[in-house]
Enquirer: 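This is the structure, below, for whatever I ask next.
Source: prediction; values computed, not measured.
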Amino acid sequence: MKVKKPLLRSRRFWLWIIGLLLVVSASLVWLLKYMPQSSDFEVTDQLGGNIFPSSILSVATTEAQVIKPIDAVYLGNPKSIIAVRLKSTIAYSKVRIEMAGTPFFSQSVSEFVLPKANTEYTIYPDVIWNYDALRNNAQAEPVSAVVSVELNGRPLGQRVRTYSVRSINECLLGYNEPLPNGTRFHNTRLFFAAYVNEDNPMIDNLLREALNTRIVRRFQGYQRGTEAAVDKQVYALWNVLQKRHFRYSSISNSSLSSNVVYAQRVRTFDDAIQSSQINCVDGSVLFASLLRAIGITPILVRTPGHMFVGYYTDSSFKSPTFLETTMIGDVDLDDFFPDEQLDSTLVGKSQNEMSLLTFEKSKEYANKKFKQNERNIRANKPGYMFLEISKAVRRLIQPIGK
């Protein structure tokens, strides 16, 4: 029996149509997978184009997330600061981000999967920081972040964003997050704890000098159990800083000009010791470093335009007292008699008597200042701060060193 030609032609026609549809379908799948709906991406960050070495170093080994992610939908580690924002094309899109090396971070490649389709993601690629370069950066310096991105294997091109790497001496106080109807301020004053450095190797020399004064025989923190014993140890530290001729220096301004971030200049422990100069912030973090080194829990107290240091005089942490460290330089002990040279024929105050007098005066002044502002300080109102440098804080913020 012969098959009619029209029927054969009809079958071939439909086979051809089905084959064509399969090719078109496969092509559409390929296009949807590998052709992005948009080839655009941007390099962004939370801090208005600024990188603060102190904020990176102090949380590098902790789980703290002091600087919050830009968006709720994000991938990667927000501690990287530098971020890429792009829109996924399909569910489970694959992203590859390459960052070129700079003096402050090495070249790196990061890969991510974007779970949702047609969703804008903020992605924090791995940034391999050069911690030594950050620690030694004494002045704000520009650096260009060169970022290349691939989406589902297709190159999206390269973007360049220039950042200002701030000085190690700039402490980030807070930043403004842009919102549809204004901004939201994020308080980051916890970073002051990074400048309290109880591990600095110079501290051993200072403690030896303090012991040589024979004001105390040993430093034992709260072990003696009396407020008088704690105060005597603190006075020994005060005395040795006065004998090192520390002077007040009001330098505190930063070159930072921004309506996004706010910063305060702070000398590191090394800077303060080498220059023998302190302002209210420098003196407070320096003294707090010494207090923690001898096992006494310090407190950094901030009021608008000023900072002073406190400490607990008891191991239950219920009795704080405070010091005005700028008064360390109010007298020059060389103008008074060394205690070892005093005898019955000399009239006048000894160096230790004058040192103790200024110590007590500084406590009187700082305690009065605290009581005047206690309500705002305890409430952490804008411009105020009560920051214990406790074990809990140390689990979040580590000393930056230098």
Side-chain angles (χ1 to χ4, degrees), residues 45-69 77-82 104 127 129 131 134-138 140 163-177 184-200 252-256 258 260-272 279-289 292 298-309 377 380-402:
D45 65 276
Q46 300 102 307
L47 303 178
N50 293 282
I51 294 172
F52 286 84
S54 57
S55 68
I56 294 168
L57 290 164
S58 61
V59 299
T61 59
T62 76
E63 298 299 319
Q65 190 61 71
V66 183
I67 302 171
K68 304 301 180 185
N77 185 357
K79 290 183 185 180
S80 296
I81 302 298
I82 300 170
F104 293 100
V127 178
W129 296 106
Y131 294 121
L134 292 174
R135 189 176 288 108
N136 293 315
N137 197 50
Y163 286 86
S164 177
V165 181
R166 309 306 304 178
S167 163
I168 188 66
N169 298 107
E170 291 184 72
C171 178
L172 179 65
L173 302 180
Y175 63 96
N176 287 322
E177 175 193 359
R184 177 193 296 145
F185 180 74
H186 290 273
N187 181 346
T188 61
R189 293 192 290 267
L190 190 63
F191 285 129
F192 275 121
Y195 294 88
V196 178
N197 187 5
E198 63 271 25
D199 299 326
N200 192 287
S252 60
N253 291 334
S254 163
S255 62
L256 181 65
S258 172
V260 177
V261 295
Y262 305 90
Q264 162 83 51
R265 180 177 173 81
V266 186
R267 289 183 177 93
T268 63
F269 191 97
D270 298 72
D271 292 339
N279 60 26
C280 62
V281 178
D282 307 331
S284 295
V285 298
L286 171 68
F287 213 94
S289 302
R292 268 196 65 85
I299 308 159
L300 296 180
V301 180
R302 190 168 180 259
T303 59
H306 189 55
M307 182 181 284
F308 51 97
V309 69
I377 292 170
N380 254 327
K381 291 284 183 70
Y384 296 86
M385 179 182 75
F386 186 92
L387 178 60
E388 294 179 16
I389 312 301
S390 60
K391 291 180 180 178
V393 167
R394 269 292 170 256
R395 286 193 288 270
L396 301 173
I397 303 292
Q398 288 288 297
I400 56 176
K402 191 168 180 182

Enquirer: Looking at Asn200 and Phe269, what are the two nearest heavy atoms and their distance?
Expert: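 For Asn200 and Phe269, the tightest heavy-atom pair comes out as CG-CD2, 3.5 Å.
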Enquirer: Enumerate the residue pairs fulfilling salt bridge (charged side-chain N to carboxylate O under 4.0 Å, His left out) with a member in residues 45-64, sequence neighbours excluded, ordered by first and then second residue.
Expert: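 Of all non-adjacent pairs touching residues 45-64, those that pass salt bridge (charged side-chain N to carboxylate O under 4.0 Å, His left out) are Asp45-Arg161.
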Enquirer: What is the minimum heavy-atom distance between Leu300 and Val309, and which atoms define it?
Expert: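 Result for this residue pair: CD2-CG2, 4.5 Å.
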Enquirer: My understanding is that only residues two or more places apart in sequence, or in another chain, count here; which of them pass side-chain contact (heavy atoms from CB on, under 4.5 Å) with Ser58?
Expert: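 Ser58 satisfies side-chain contact (heavy atoms from CB on, under 4.5 Å) with Phe191, Ala194, Ile397, Ile400 only.
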Enquirer: So, applying side-chain contact (heavy atoms from CB on, under 4.5 Å) with Thr268, which one of Asn169, Leu286, Asn197, Val285 is it?
Expert: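 Result for side-chain contact (heavy atoms from CB on, under 4.5 Å) with Thr268: Asn169.
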Enquirer: Excluding sequence neighbours, so at least two apart, what forms side chain to side chain donor-acceptor pair (under 3.5 Å) with Ser289?
Expert: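 Scan of Ser289 (side chain to side chain donor-acceptor pair (under 3.5 Å), adjacent residues dropped) gives none.
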Enquirer: Does the side chain of Ile168 come within less than 4.5 Å of Leu57's, by heavy atoms?
Expert: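 A side-chain contact under 4.5 Å exists here.
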Enquirer: With a 4.5 Å heavy-atom cut-off, do Val127 and Ile81 have their side chains touching?
Expert: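 The answer is no; the side chains never approach within 4.5 Å.
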Enquirer: For Val260, check side-chain contact (heavy atoms from CB on, under 4.5 Å) against everything at least two apart and list the hits.
Expert: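 Ser258.
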Enquirer: As an exercise, state the distance from OH of Tyr163 to CD1 of Ile51, rounded to the nearest 0.5 Å.
Expert: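 Between atom OH of Tyr163 and atom CD1 of Ile51 there are 6.5 Å.
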Enquirer: Holding to side-chain contact (heavy atoms from CB on, under 4.5 Å), I want the full list of residues that pass it with Ser164, two or more places apart in sequence or in another chain.
Expert: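 For Ser164 the side-chain contact (heavy atoms from CB on, under 4.5 Å) partners, ignoring immediate neighbours, are Asn50, Ala140, Arg166.
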Enquirer: Sequence neighbours left out, what passes salt bridge (Lys or Arg N to Asp or Glu O under 4.0 Å) with Glu198? Give chain and number order.
Expert: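 Partners of Glu198 by the salt bridge (Lys or Arg N to Asp or Glu O under 4.0 Å) criterion, ordered by chain and then number, come out as Arg292, Arg394.
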Enquirer: So Ile67 and Val59, side chain to side chain contact (heavy atoms under 4.5 Å, CB included) or not? Walk me through it.
Expert: CA-CA 10 Å; Ile67 302 171; Val59 299; over 6 Å; no
Enquirer: If the condition is side-chain contact (heavy atoms from CB on, under 4.5 Å), which residues does Pro78 pass it with, not counting sequence neighbours?
Expert: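 Applying side-chain contact (heavy atoms from CB on, under 4.5 Å) to Pro78 gives Gln46, Gln65, Pro69, Tyr74, Tyr124.
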Enquirer: Just to verify, what does Asn176 make a side chain to side chain donor-acceptor pair (under 3.5 Å) with, not counting sequence neighbours?
Expert: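 Listed in chain order: Tyr262.
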Enquirer: Could you grab the distance from atom CD of Gln264 to atom CZ of Arg302, nearest 0.5 Å is fine?
Expert: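 One gets 6.5 Å once the value is rounded to the nearest 0.5 Å.
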Enquirer: Can you see which heavy atom on Ile377 is nearest to which on Met385, and at what distance?
Expert: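 Distance-wise, the nearest heavy atoms are CG2-O, 3.6 Å.
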Enquirer: Please identify each residue that fulfils side chain to side chain donor-acceptor pair (under 3.5 Å) with Ser80, with sequence neighbours left out.
Expert: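 In terms of side chain to side chain donor-acceptor pair (under 3.5 Å), with neighbours along the sequence ignored, Ser80 is linked to no residue.
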Enquirer: Flag the pair Phe192 / Val281 as yes when at least one side-chain heavy-atom distance between them is below 4.5 Å, and no otherwise.
Expert: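 Yes. Closest side-chain heavy atoms under 4.5 Å.
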Enquirer: Using the ring-ring contact (aromatic ring centres under 6.0 Å, His included) criterion, which residues pair with His306? Sequence neighbours excluded.
Expert: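 With sequence neighbours excluded, His306 shows a ring-ring contact (aromatic ring centres under 6.0 Å, His included) to no residue whatsoever.
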Enquirer: So, using side chain to side chain donor-acceptor pair (under 3.5 Å) as the criterion, who are the partners of Thr188 when residues are at least two apart?
Expert: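 For Thr188, no residue satisfies side chain to side chain donor-acceptor pair (under 3.5 Å) once neighbours in sequence are set aside.
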Enquirer: Once rounded to the nearest 0.5 Å, what's the spacing between atom NZ of Lys79 and atom CG of Asn77?
Expert: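 With rounding to 0.5 Å, NZ (Lys79) is 6.0 Å from CG (Asn77).
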Enquirer: Okay, side chain of Asn137, backbone of Val165: is any donor-acceptor separation there less than 3.5 Å?
Expert: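 Checked: pair present.
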Enquirer: For the pair Asp282 (side chain) and Val266 (backbone), establish whether a donor and an acceptor sit closer than 3.5 Å, ignoring hydrogens and angles.
Expert: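 No.
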Enquirer: Say you draw a straight line from CG of Asn136 to OG of Ser167; how long is it, rounded to the nearest 0.5 Å?
Expert: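 Atom-to-atom, Asn136:CG and Ser167:OG are 11.0 Å apart.
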Enquirer: When rounded to the nearest 0.5 angstrom, what distance separates CD in Glu170 from CZ in Arg265?
Expert: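 CZ of Arg265 is found 7.5 Å from CD of Glu170.
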